[in-house]
There are 2 protein chains.
Amino acid sequence: MPETLRSFRELCARHGIAVTHQRQVLYETMQGMYGHPSPEEVFEAVKQRIPSISLATVYKNIHLFVESGVFRELSMHHGTLRVEMNDVPHHHMVCSVCRKVTDLPDGEFGAPLLQTAMPGGFLVERVSIDVIGVCPDCQARPN
Amino acid sequence: MPETLRSFRELCARHGIAVTHQRQVLYETMQGMYGHPSPEEVFEAVKQRIPSISLATVYKNIHLFVESGVFRELSMHHGTLRVEMNDVPHHHMVCSVCRKVTDLPDGEFGAPLLQTAMPGGFLVERVSIDVIGVCPDCQARPN
DNA sequence: CTGATTGCAAACGGTTTGCAGGCTT
DNA sequence: AAGCCTGCAAACCGTTTGCAATCAG
């Protein structure tokens with residue numbers, strides 16, 4: 001009956017997912033953490049409210065949240081090491097379906113940021129811009 | 001004596017690393033591959049010229065190339081799943097030393113890209129901008 | 001000659017999966 | 001009642017490490 005449960009139910013309804021206790025606590029815990037904690041860190045935090053929760057459940061539900069649009073992935077290309085061999089300044093188009101990365105000519109879009117003072121005296125080295133979306137191949141593909 | 005060896009020697013001298021055969025073949029192979037192949041894919045490609053090369057050597061040298069500035073890392077936050085829980089449009093400052101990610105208010109910088117037609121009919125969903133550099137903490141730290 | 005580099009195999013760490021029992025709808 | 005969800009343990013997969021032999025400077 002707490003207000004938080006009411007709104008979590010609404011959130012789940014909006015995103016078409018079922019309401020479970022671990023789901024709700026996971027969601028609330030993540031919302032309450034600063035920055036971008038790793039699944040392990042989230043797991044540790046959630047355990048304080050549900051000591052019996054398993055790491056697998058944390059992973060399954062983080063993925064569910066991402067798939068259903070509750071959260072978004074911070075980086076489309078985590079999980080494997082990729083390097084930039086192209087010296088010419090450019091950006092990237094990343095397909096959210098097949099994850100393929102294509103270079104996007106023109107580095108101009110990053111220029112304004114290079115000339116902007118960063119909060120806290122953060123020392124800028126370079127700017128990386130990813131345009132995330134669906135590549136032509138994946139648009140054409142049946143599924 | 002081929003020209004390629006001459007220029008590879010110069011490249012290594014410039015970046016302060018030793019010249020080895022596997023290093024040279026790795027470099028040439030990577031330069032000749034389209035896009036951003038994974039270490040496994042690079043390994044398979046290099047094996048065609050050096051069948052006895054090991055995956056460990058590929059990893060070690062890709063890291064060496066990145067550390068010495070020959071190549072750059074495509075994504076600063078690969079390796080573990082991170083999600084975005086902040087609904088307000090913003091960008092990220094990523095520390096290249098400690099890899100901490102800090103939100104950077106103001107989504108305006110991405111706007112021009114959202115209104116730009118992408119080559120090949122790539123369907124844009126969102127734009128993700130990372131400002132990569134050194135955070136205040138790491139600037140202050142001795143090392 | 002001395003230290004760096006290679007290839008191998010084993011270790012690692014983060015993530016995923018299969019399954020049986022329990023909870024949602 | 002039917003199916004989704006949970007927790008557990010084992011499997012996975014990309015990456016790293018330790019080591020002895022070999023190579024570069």
Side-chain angles (χ1 to χ4, degrees), chain A residues 1 5-6 8-27 29 36-47 49-68 70-71 73-83 99, chain B residues 1 5-6 8-27 29 36-47 49-68 70-71 73-83 99:
Chain A
M1 23 322 238
L5 178 52
R6 179 183 305 280
F8 184 69
R9 285 196 172 283
E10 282 165 12
L11 179 92
C12 289
R14 219 178 315 131
H15 290 277
I17 64 179
V19 175
T20 65
H21 182 226
Q22 8 299 75
R23 216 108 100 182
Q24 188 193 352
V25 172
L26 178 65
Y27 175 80
T29 302
H36 303 276
S38 66
E40 280 288 346
E41 289 167 334
V42 172
F43 174 57
E44 288 306 322
V46 173
K47 267 207 285 201
R49 284 180 59 190
I50 310 182
S52 65
I53 198 166
S54 83
L55 183 55
T57 299
V58 170
Y59 271 102
K60 285 168 186 165
N61 283 314
I62 291 178
H63 281 136
L64 183 75
F65 285 151
V66 169
E67 282 157 26
S68 61
V70 175
F71 294 143
E73 265 188 83
L74 188 57
S75 170
M76 297 308 293
H77 29 73
H78 81 271
T80 174
L81 174 63
R82 306 281 166 151
V83 302
R99 309 226 156 200
Chain B
M1 24 327 238
L5 178 52
R6 180 184 305 283
F8 184 68
R9 284 197 174 283
E10 283 165 13
L11 180 91
C12 288
R14 220 178 312 132
H15 291 278
I17 64 178
V19 175
T20 63
H21 182 225
Q22 0 312 68
R23 217 108 98 181
Q24 188 194 351
V25 172
L26 179 65
Y27 174 79
T29 302
H36 303 276
S38 66
E40 280 288 344
E41 289 166 336
V42 172
F43 174 56
E44 289 305 322
V46 175
K47 267 207 284 199
R49 285 180 60 190
I50 309 181
S52 64
I53 198 167
S54 83
L55 183 54
T57 299
V58 169
Y59 271 102
K60 284 168 185 164
N61 283 312
I62 290 178
H63 282 136
L64 183 75
F65 286 150
V66 169
E67 281 157 25
S68 62
V70 175
F71 294 143
E73 265 188 84
L74 187 58
S75 170
M76 296 309 294
H77 28 73
H78 79 271
T80 173
L81 173 64
R82 306 280 165 151
V83 301
R99 309 224 157 203

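To find a chain, count down the sequence lines: A is the first, B the second, and so on, and within it residues start at 1.
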Exercise for review: Taking only the side-chain heavy atoms of B:T80 (C-beta and beyond), determine which of D:dT16, C:dG14, D:dC8 contains the nearest atom.
Suggested key: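 Of all the options, the side chain of B:T80 is nearest to C:dG14.
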Practice item. Select one nucleotide: of C:dG7, D:dT6, C:dT6, the one nearest the side-chain heavy atoms of A:R23. Key: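 Nucleotide nearest to A:R23's side chain: D:dT6.
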Roughly, in whole Å, what's the span from [atom1] in [X] to [atom2] in [N]?
{"X": "A:L64", "N": "C:dT16", "atom1": "CG", "atom2": "C1'", "answer": "15 Å"}
{"X": "B:Q24", "N": "D:dA24", "atom1": "CD", "atom2": "P", "answer": "12 Å"}
{"X": "A:L26", "N": "D:dC5", "atom1": "CG", "atom2": "C1'", "answer": "13 Å"}
{"X": "B:F65", "N": "C:dT5", "atom1": "CZ", "atom2": "C1'", "answer": "13 Å"}
{"X": "B:I62", "N": "C:dT6", "atom1": "CD1", "atom2": "P", "answer": "12 Å"}
{"X": "B:I50", "N": "C:dG7", "atom1": "CD1", "atom2": "P", "answer": "7 Å"}
{"X": "A:R99", "N": "D:dG14", "atom1": "CZ", "atom2": "P", "answer": "14 Å"}
{"X": "A:H63", "N": "C:dT17", "atom1": "NE2", "atom2": "C1'", "answer": "13 Å"}

Name all residues meeting the side-chain hydrogen bond (donor to acceptor under 3.5 Å, both in side chains) criterion together with [X]; count only those two or more places apart in sequence or in a different chain, and write none if there are none.
{"X": "B:T20", "answer": "none"}
{"X": "B:R23", "answer": "B:N61"}
{"X": "A:R99", "answer": "A:E73"}
{"X": "A:Q22", "answer": "none"}

Review point. Given C:dG7, is OP1 or OP2 found less than 4.0 Å from the side-chain N or O atoms of B:Q22?
Key: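 It does, given that an N or O in the side chain of B:Q22 lies less than 4.0 Å from OP1 or OP2 of C:dG7.
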Check your understanding: Just to confirm, is there a sub-4.0 Å distance from OP1 or OP2 of C:dT6 to any side-chain nitrogen or oxygen of B:S54?
Key ->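 Checking B:S54 against C:dT6: no side-chain N or O falls below 4.0 Å of OP1 or OP2.
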Review point. Okay, side chain of B:E41, backbone of B:S38: is any donor-acceptor separation there less than 3.5 Å?
Key: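 Looks like yes, one N/O pair under 3.5 Å.
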Exercise for review: Could you say whether A:L55 or B:A56 is positioned toward the 5' end of DNA chain C, judged by the nucleotide with the nearest heavy atom to each?
Suggested key: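 Result: B:A56.
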Exercise for review: Using the closest heavy atom to pick a nucleotide of DNA chain C for each, name whichever of B:N61 or B:G79 lands nearer the 5' end.
Suggested key: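 That would be B:N61.
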**Study point:** Contacts of B:F71 that satisfy ring-ring contact (aromatic ring centres under 6.0 Å, His included) - sequence neighbours left out
**Key:**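 Testing B:F71 for ring-ring contact (aromatic ring centres under 6.0 Å, His included), a comparison that skips the adjacent residues, returns B:Y27, B:F65.
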Exercise for review: Indicate for each nucleotide in nucleotides 19-25 of chain C, in 5' to 3' sequence, whether protein heavy atoms under 4.0 Å reach the base (B), only the sugar-phosphate (S), or nothing (-).
Suggested key: -----SS
Exercise for review: May I ask you to say what A:S52 touches in the nucleic acid, namely base, sugar-phosphate or nothing, with a heavy-atom cut-off under 4.0 Å?
Suggested key: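 Sugar-phosphate: the residue A:S52, judged by heavy atoms under 4.0 Å, touches backbone atoms but no base.
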Review point. What nucleic acid atoms does A:I53 come within less than 4.0 Å of, heavy atoms only: base, sugar-phosphate, or nothing?
Key: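 Since only primed, P, OP1 and OP2 atoms lie under 4.0 Å of A:I53, the category is sugar-phosphate.
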Practice item. Scan side-chain atoms only and decide if A:S75 and B:S75 contain a donor-acceptor pair under the 3.5 Å cut-off. Key: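 Their side chains do contain a donor-acceptor pair, which is all the 3.5 Å distance test asks for.
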